[in-house]
Protein chains: 2
Amino acid sequence: MATDRDSVLEAAVGILSRRPTAHLDEIARAAGISRATLHRIFPGREALILEVGALGLRRFSAALDTARIEEGNAEAALRRLVDAVVPDAALCAFLAGENQLYDHEEINDLWEKQDARVRALFLRGQQEGAFRVELSAAWLSEAFFDLVAGIGWAVQEGRLAPRESAFSLAELFLGGALRRSDTP
Amino acid sequence: MATDRDSVLEAAVGILSRRPTAHLDEIARAAGISRATLHRIFPGREALILEVGALGLRRFSAALDTARIEEGNAEAALRRLVDAVVPDAALCAFLAGENQLYDHEEINDLWEKQDARVRALFLRGQQEGAFRVELSAAWLSEAFFDLVAGIGWAVQEGRLAPRESAFSLAELFLGGALRRSDTP
DNA sequence: AAATTTTGAGACATGAAAGTCTCAAATGCG
DNA sequence: CGCATTTGAGACTTTCATGTCTCAAAATTT
C-alpha cells in the first residue's frame, strides 16, 4: 500500500523525472504539502532523491518478482516483465536518468543485483534461441531499460495512451519496427 | 568545421549529458579553458545550455540531410539515418534529457521541424508497407530517439564499443530482440 | 469540547555556485 | 624584439535554493 511517504515520493517522481533540478517548493506543491512538512518527512533534498531511487528499485525489483522472470521461456518472461513494469515506468525513467545515485553503495548494490537479473534473462533467452545473439545481452538489457524510460516519459506527457503502453513497448522491443509477412 | 565555440560546446555535452547539474568549473576544465574564458565566450550558464541545445539540433538536422531521409525506401533511409546520427548520439542524448529547452521558442520550432521530418519518415514507411502499422508513427519516432540517446550514453560510458553502435541501434530498432528463422 | 499533535505560511540564516573584476602571465602579431 | 591581445588564477560580490525557526491555524484524540 502507498504509505504517506510513498505518496510524496511518487509525486516527487512526477516532477523529478522531467526536471531533476526542480526546486523543493515545486515538489512539495505537487505532493500537496508544504515545504516545511516535506522537510519534516525527508531531512533534505539529498535524502529525498535517495529515497525516490530506493523506491524505484524496490518497485523494479518487485516487478521482476511478480513477472517471475526466471521461469518459463524467455520471451514469455519478458512479456510478463513488460506488463509488470509499465505501471512504474516513470519511476524507472527517473532511475535511468539519475546516474548520481550510483556512488551510494547500498543503492548501487541493489541496482547491480536487479540489473544482473535482467541481463541473465537475456542471456538465457539467447541460449534458448529466443533472442538474437548478434546483439549483446548487455545491450539488449540497456536498450530495454531505455525504452521503459521512454514509455514512462511518453505516458507522463500525454504523448502515449497508458493503455497502449505495454503493447507498444513489448512489440517494438521484441519485434522491431520492420513489418514482416510471417509471424516468427 | 569545429570552430572554437563548438569545441567548447562538445566538451560541455560530454559533462552535461551525464550530469546536467555539473558546475561551470567542471565544464571549463573539461573544455581545457578557464572559467573566466568560458564566461567570455558564453554570457552565462543559461546561454551555454541553450547553445548546446542549438548545436545538437543543427547536428541532428544535418544528419537528416546527409541521410537524405526523404529519398528512397524507408528502411534504407532509416539505416542511413542511423549511420549519420550515431556520431552525434551524445548530443542527442542531451537533447532528449533537456526538456527545459522546450520553452525557448526558437529551439522549440527547430526541434518541432526536425521531429516532423522523422515522423514523416515513419509514416511514409508505414504506407510503403515497410514499417509496422500496429505501432503509431509517433511512438516509432519517439522510441527511435530514446534508443539513439541510449546509444549515446552507453558509448560515452564505455558500455558499448563505438564500432558496434550503429549496428546495434539499427538491428534492434528495426528487427527487435526476437530471433527469427528467416530474414524478412 | 478541551487538549494534544500536526501542519502551513512566512521570516530568517546559511552556503554554494554564478557572475564580476583585476592583474599578471602567456600568446600572437607586426 | 616590442607591442597588443588573450588567457588564467584568484579574490570579491551577488543571487538564490536550501535549511532552520516560530507561531498561528487546523486536525486529531480523548
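Throughout, protein chains are lettered first and strands after them, A, B, ... in sequence-line order, and every chain is numbered starting at 1.
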A.B. asks: Would you mind listing every ring pair (Phe, Tyr, Trp, His ring centres under 6.0 Å) that reaches into residues 68-92 of chain B, with sequence neighbours excluded?
C.D. replies: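 Qualifying pairs: none.
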A.B. asks: With sequence neighbours left out, what residues match A:E134 under side-chain hydrogen bond (donor to acceptor under 3.5 Å, both in side chains)?
C.D. replies: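 side-chain hydrogen bond (donor to acceptor under 3.5 Å, both in side chains) check on A:E134 returns A:R132.
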A.B. asks: Specify the residues of residues 23-40 of chain B, ordered by number, for which at least one heavy atom lies under 4.0 angstrom from an atom of DNA chain C.
C.D. replies: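 Within this stretch, B:H23, B:L24, B:R35, B:H39 sit under 4.0 Å of the strand.
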A.B. asks: Does B:L135 offer a backbone N or O that forms a donor-acceptor pair with the side chain of B:Q126 under 3.5 Å?
C.D. replies: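 Looks like yes, one N/O pair under 3.5 Å.
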A.B. asks: Give me the first and last nucleotide of DNA chain D, going 5' to 3', that has any atom under 4.0 Å from a heavy atom of chain A.
C.D. replies: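 Listed 5' to 3', the contact boundaries are D:dA17 to D:dT20.
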A.B. asks: How many angstroms lie between atom CG of A:L64 and atom NZ of A:K113, to the nearest 0.5 angstrom?
C.D. replies: 13.0 Å
A.B. asks: If you restrict it to nitrogen or oxygen atoms, what contacts under 3.5 Å exist between nucleotides 25-29 of chain C and the protein, and what is each distance?
C.D. replies:
none

A.B. asks: Taking atom types as modelled, is there a side-chain donor on B:S34 or B:T37 under 3.5 Å from an acceptor on the other?
C.D. replies: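 On atom types as modelled, these side chains qualify, holding a pair under 3.5 Å.
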A.B. asks: Please name all residues satisfying side-chain contact (heavy atoms from CB on, under 4.5 Å) with B:A84, sequence neighbours left out, ordered by chain then number.
C.D. replies: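 Expected list: B:A63, B:T66, B:A67.
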A.B. asks: Tell me the bend of the helix from C:dA1-D:dT30 to C:dG30-D:dC1 as the angle between end helix axes, each from five pairs, rounded to the nearest 10 degrees.
C.D. replies: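 Angle reported: 40°, given to the nearest ten degrees.
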A.B. asks: For residues 73-99 of chain B, which residue pairs qualify under ring pair (Phe, Tyr, Trp, His ring centres under 6.0 Å), counting only residues two or more places apart or in two chains?
C.D. replies: none
A.B. asks: Identify, with sequence neighbours excluded, every residue that meets salt bridge (charged side-chain N to carboxylate O under 4.0 Å, His left out) alongside A:E26.
C.D. replies: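 Per chain and number, A:E26 pairs via salt bridge (charged side-chain N to carboxylate O under 4.0 Å, His left out) with A:R19.
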A.B. asks: Please list, chain by chain and in numerical order, all residues satisfying side-chain contact (heavy atoms from CB on, under 4.5 Å) with B:R18, sequence neighbours excluded.
C.D. replies: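 So B:R18 forms a side-chain contact (heavy atoms from CB on, under 4.5 Å) with A:N99, B:E157.
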A.B. asks: Once ring pair (Phe, Tyr, Trp, His ring centres under 6.0 Å) is applied, what residue pairs with a partner in residues 139-172 of chain B remain, sequence neighbours excluded?
C.D. replies: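 Found B:F60-B:F145, B:W111-B:F145, B:F144-B:F173.
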A.B. asks: With a 3.5 Å cut-off and no angle check, do the side chains of B:Q114 and B:R117 form a donor-acceptor pair?
C.D. replies: yes
A.B. asks: Over how many whole Å does the gap from B:I49 atom CD1 to C:dG19 atom P extend?
C.D. replies: 10 Å
A.B. asks: Name all residues meeting the side-chain hydrogen bond (donor to acceptor under 3.5 Å, both in side chains) criterion together with B:R58; count only those two or more places apart in sequence or in a different chain, and write none if there are none.
C.D. replies: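 In terms of side-chain hydrogen bond (donor to acceptor under 3.5 Å, both in side chains), with neighbours along the sequence ignored, B:R58 is linked to no residue.
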